[in-house]
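First the proteins, then the strands, lettered A, B, ... as listed; each starts at 1.
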2 protein chains.
Amino acid sequence: MNIGILGLGTVGGGVVNVLAKNQAEIMRRTGVQIQVTHAAVRDINQPRICPTKGIEFTQAPFEIVNNDSIDIVLELMGGTTLAKELVKTAIKNGKHVITANKALIATHGNELLALAKDNNTHLLFEAAVAGGIPILKSLEQGLSANQIEMVAGIINGTGNFILTEMRDKGRDFADVLKEAQELGYAEADPTFDVEGIDAAHKLAILAAIAFGCELQFDKVSTQGISQISGEDVAFATELGYSIKHLGIAKKLNGKIQMRVHPTLIPKTRLLANVDGVMNAVLIKGNAVGPTLYYGAGAGAEATASAVIADLVDVIKDTLSHNVLGWQSFEAIPYQNQDDIESIFYLRLLATDKPGVLADITAIFANHNISVEAVVQKQIDAQDNAHIAIITNQVKTSNINAVVAAIQKHDSIQEEVKIIHVETLD
Amino acid sequence: MNIGILGLGTVGGGVVNVLAKNQAEIMRRTGVQIQVTHAAVRDINQPRICPTKGIEFTQAPFEIVNNDSIDIVLELMGGTTLAKELVKTAIKNGKHVITANKALIATHGNELLALAKDNNTHLLFEAAVAGGIPILKSLEQGLSANQIEMVAGIINGTGNFILTEMRDKGRDFADVLKEAQELGYAEADPTFDVEGIDAAHKLAILAAIAFGCELQFDKVSTQGISQISGEDVAFATELGYSIKHLGIAKKLNGKIQMRVHPTLIPKTRLLANVDGVMNAVLIKGNAVGPTLYYGAGAGAEATASAVIADLVDVIKDTLSHNVLGWQSFEAIPYQNQDDIESIFYLRLLATDKPGVLADITAIFANHNISVEAVVQKQIDAQDNAHIAIITNQVKTSNINAVVAAIQKHDSIQEEVKIIHVETLD
C-alpha cells in the first residue's frame, strides 16, 4: 500500500513521526509495514518536523491524487476548496481517503461520501472530531446495538481552555483569549473556535453518525462563548454549576436538535470536570445508558493517532462500504428551535428598589415558569442588584417571551443574559 | 445467520430484549435482521424477562453447539467448566462465539483463542470487560496507532459502590457490602468482587489486548478492599485523595506490571470522580496521551449492548482473524513485584509519647524515603496517635523494609497499613 500525504505541517508531520516511532507495534497489529511514499507541500524547501527519508515531495498536489501507484491519500492540508477538489479526484481515481478536515466533511461530506460509495473506496475522518478520542469508531461499532438519544460534548479545546481559566483564575475572556493565541491554541482569527463554528462542524458529523441521517451543518444552531462574563462564571459556581461550551445533539420524539452553546452543567458531572484543552463526549444509548469518552482534542500526535487508526482499518481491509456506519439513512425532521425545551439561567441587572424582585418573579409566574434557584449579589456602587435565576424546564419560545416581558420592566438596566442549563442526567 | 444462546438469564434476556426494541435501528446499521433462534436454559419452565416467540428452547446445551443450522453462539451462562467445553465444541464446529464470561477468557482464553484461529472462527468478548463500555474495541481499533503505556481502570462496580458509600456517607465496609448484596450488586459470596478477583480477570484481558501478549491471569497481583477502614477513607480525603479499587497494567522499560489494589488517587482526576457502580478505564498511549472511557460496567441492557456490538461485527463480516487484535504476540517479561515503584500511603497507630514522630521520620530517612505529606489526627481515649504518611515514589522492596523497621518500634500499636498511591499524570 502506497500512501500519499497532502500537507506535511503539524498533523502531517505528526503522522509521519508516529508511524516512525511505533512502526514495530503497528506492524505487529496489522501485519503490514506502513510507509508514506509521497507528500505534497506548499513549499518544498521549508524545514519539516518529521523524517522525510523515502518520501517523494511535490508542490503539485494533483500529482498525488492522480498518481496510479498511490492507494491511500491522507488529506491533512485543511480548507474546503482545493481540498475538496483533491479529495474528489482521489476518490474518482479509486483511492481511499483519510482526512482530519472537519469543515470539509461537515459542509461537503454528503457529496463526498456518496462519491466514495459509488467508487467503492473508503472516506474516513476519525481525526476530524475530538482529535485522538476514537469517538466515531465507538459510535459506529462499540455502540451499534443502541438507539442514540443524546450526544453532548466539549469538542473545542480552545474554548474549554478559556472557560477553565475564567473559572479557576477569575480572568476575563479577552485576557485568556490573548494567552491562548500566544500558546498556539487559538488561531490569529479565533472566530471558528470562540464563536462555535468549529464545534458545530464536529457536532454535525457526530449527529449524522449517531442518528443515521445526512450531514446537515446548516441546521446547527450556534452560539459562542465571547459573551460569557466573569460575573456569569461566578454566579454559575455559586449555584453549583460549571459553564462549558457544549455541542448537543438530541433525538427526542422522532425529532433532532443540534445546538452549540455555553451551558451550565452541575459541577458533579464528569463533563464539568473536563478542563483545559481536553475534550470529552457524553453519549446516551437506549441500551448502554450514558458513556463518556475523554482525551486530547488536538495536537500533532493525538490527531495522528486517529488518522493512523483509520489507516490501519483501511489496510486491514476490515471495513464494509457503508456511509457513516449505516446501510441506509433516515430523513429525521428537525425540532423547531422555539419548541426546544431546556432549563435556563438568566442574569439581570436591575435598579435596587423595593418590590423589584417581587415584580420580576411575578412575571415568571405569569408565564407559568418556576424559579428553581435565585441568587442576588451585593449591590454595586450604582445601587444596582445583580440577579441570577435558574428556571425549570421550559420551551425556548416561553423563555423568550418571559425575557421580553422582563426587559420592559423599568428597573432593568441592561439586556437580560440567557444561558442554557443541562443537567445531563 | 442463526443465533443460539447458552443461558437466558439477566444477560441473555437483556440481549433478546435489546434486539427486539432496537431491531429497526440495528437493521439500518447492518442491513441484516438478527434473530435468536435457539436457547439452552437450565429449566425450560422458568419465567423469562424477554419475549421468547420464535426461540426454540432446550435443556441440553450441547444440542446448540452441535446444531448445524446455528452460525453464532452466545455463551451467557457463566462458569468455566461446562462453558469451556461448550465454547470449544462450538468453535470446533466452525461457529463464531461471543461471550460475556471474563473468568472463562482470563483463565482459558489462550487455548480458546488459538482454537478459534485454527478453525477460522471469531471468539469475541467485549462484554467481559467494563460491561457496556466499548473498551476492547477502542484498544484494538481506535488506539491501534499507539504503544500503550498504561491501563488503569475502575472495573468492578460493586467495589466502587462500596468505596463511594464509605467516602460520601462515612459508612463502614461491612454495612455497605450488606446493602450491595440486598440491592443485587454483590453476589451472596462477594469474594470475587471485593477481593479483586473479578477485576483481575478483566485486567488480564485488558493487558493482553493493550500490549499484545498472552493472557496471564496468574501474574496479576491482587488485593481487595475489605481491609479499607473508614479511617483510611477519612485520611485520604483530608490529604486530597479518593480511594478507588483500580486494576493497573503498565509497560515500563520493556516489562509489564499487572496489579489490582485499593489506590489513593488525587481528587481532581476524572477517575476519582467515577462513583457508585459506574466503571471507567484510563488508557495512556504514546501518541494519543491519556484517554478515558466511562459507562455502566454491569446490568442486563448495558452488557447486552456490548454483546450485540460483537454480534454486529461478526454479521457485517468486517473482522480480520487475528488474536486479541494482534497479528503476532510478543513475550514481554513481568516486572518483579519487589522492583515495582509506587508512591505509598502508610497508616500507623502509635502511642503518643514525645519523640515518636521524630523516631519514625528518622526511620524513613534511614531508608532514603521522603515523607511528602503527613497528617496526625486527634488522640483517641487510649492516648494513641493516628498518623497517615504519603511517601515519594519508591521501590516496593524499600517500602516493605521501612514498614518492617517501623513495625518494630515499641510505640507501634497495630500492623502498619500500606496502600498504593497513583497520581495518574
Visitor: Look up atom NZ in B/K21 and atom CG in A/N146, then write down how far apart they are to the nearest 0.5 Å.
Guide: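 CG of A/N146 is found 8.5 Å from NZ of B/K21.
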Visitor: Can you check whether A/E25 reaches B/W326 side chain to side chain, under 4.5 Å on heavy atoms?
Guide: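 A/E25 vs B/W326: side chains touch.
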Visitor: B/G325, B/G142, B/A296, B/A304: which one forms the most heavy-atom pairs within less than 4.5 Å of chain A?
Guide: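 Option with the greatest count: B/G142.
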Visitor: Let me confirm one number: the CD-CD distance from B/E126 to A/Q141, rounded to the nearest 0.5 Å.
Guide: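 It is 10.5 Å, given to the nearest 0.5 Å.
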Visitor: Is A/N286 close to chain B through its backbone or its side chain, or both, or neither, when contacts mean heavy atoms under 4.5 Å?
Guide: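 For A/N286, the contact with chain B is made by backbone and side chain together.
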Visitor: Which one wins on heavy-atom pair count under 4.5 Å against chain B: A/T30, A/V18, A/I133?
Guide: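 Looking at each of A/T30, A/V18, A/I133 in turn, A/T30 comes out on top.
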Visitor: Chain B heavy atoms under 4.5 Å from A/L19: which part of the residue, side chain, backbone, both or neither?
Guide: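 Contact with chain B involves no heavy atom of A/L19 at all.
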Visitor: Kindly compute the distance separating CD1 (B/I283) from OH (A/Y294), expressed to the nearest 0.5 Å.
Guide: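 It is 13.5 Å, given to the nearest 0.5 Å.
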Visitor: Only pairs of heavy atoms separated by less than 4.5 Å count here; which of A/A145, A/G285, A/G295 has the most with chain B?
Guide: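 Answer, by heavy-atom pair count under 4.5 Å with chain B: A/A145.
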Visitor: I'd like to know which of B/N273, B/V312, B/L270 tops the heavy-atom pair count under 4.5 Å against chain A.
Guide: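 Heavy-atom pairs under 4.5 Å are most numerous for B/L270.
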Visitor: Are any side-chain N or O atoms of B/Q327 and backbone N or O atoms of A/R29, one a donor and one an acceptor, separated by less than 3.5 Å?
Guide: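 It does hold such a pair.
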Visitor: Could you tell me the separation between the CD1 atom of B/I26 and the OG atom of A/S144, rounded to the nearest 0.5 Å?
Guide: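 Between B/I26 CD1 and A/S144 OG, I get 7.0 Å after rounding to 0.5 Å.
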Visitor: Which one wins on heavy-atom pair count under 4.5 Å against chain A: B/Q147, B/E301, B/R28?
Guide: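 Top count of heavy-atom pairs under 4.5 Å with chain A: B/R28.
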Visitor: Examine whether an atom of A/E330 lies under 4.5 Å from a heavy atom of chain B, and if so say whether it belongs to the side chain, the backbone or both; otherwise answer neither.
Guide: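 Both parts, backbone and side chain.
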Visitor: Please rank A/T303, A/L292, A/L311 by heavy-atom pairs under 4.5 Å with chain B and give me the top one.
Guide: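 Of the candidates given, the most pairs with chain B belong to A/L292.
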Visitor: Counting only heavy atoms closer than 4.5 Å, note whether A/I209 contacts chain B via side chain, backbone, both or neither.
Guide: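 Contact with chain B is through the backbone of A/I209 alone.
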Visitor: To the nearest 0.5 Å, how far apart are CD1 in B/I308 and CG in A/L143?
Guide: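 Spacing of CD1 (B/I308) from CG (A/L143) equals 12.0 Å.
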Visitor: Highest number of heavy-atom pairs under 4.5 Å with chain B: which of A/A302, A/G132, A/A287?
Guide: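 Result: the option with the highest number of such pairs is A/A287.
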Visitor: Taking B/S138, B/G14, B/G212, B/A280 one by one, which has the highest count of heavy-atom pairs under 4.5 Å against chain A?
Guide: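 Ranked by contacts with chain A, first place is B/G212.
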Visitor: Verify the neighbour count for atom NZ of A/K255: are there more than 12 heavy atoms of other residues, nucleotides or ligands below 6.0 Å?
Guide: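 It does not: A/K255 NZ has 12 such atoms or fewer within range.
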Visitor: For the atom pair CG (A/N279) and OG1 (B/T291), what is the distance rounded to the nearest 0.5 Å?
Guide: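 So the gap between those two atoms works out to 12.5 Å.
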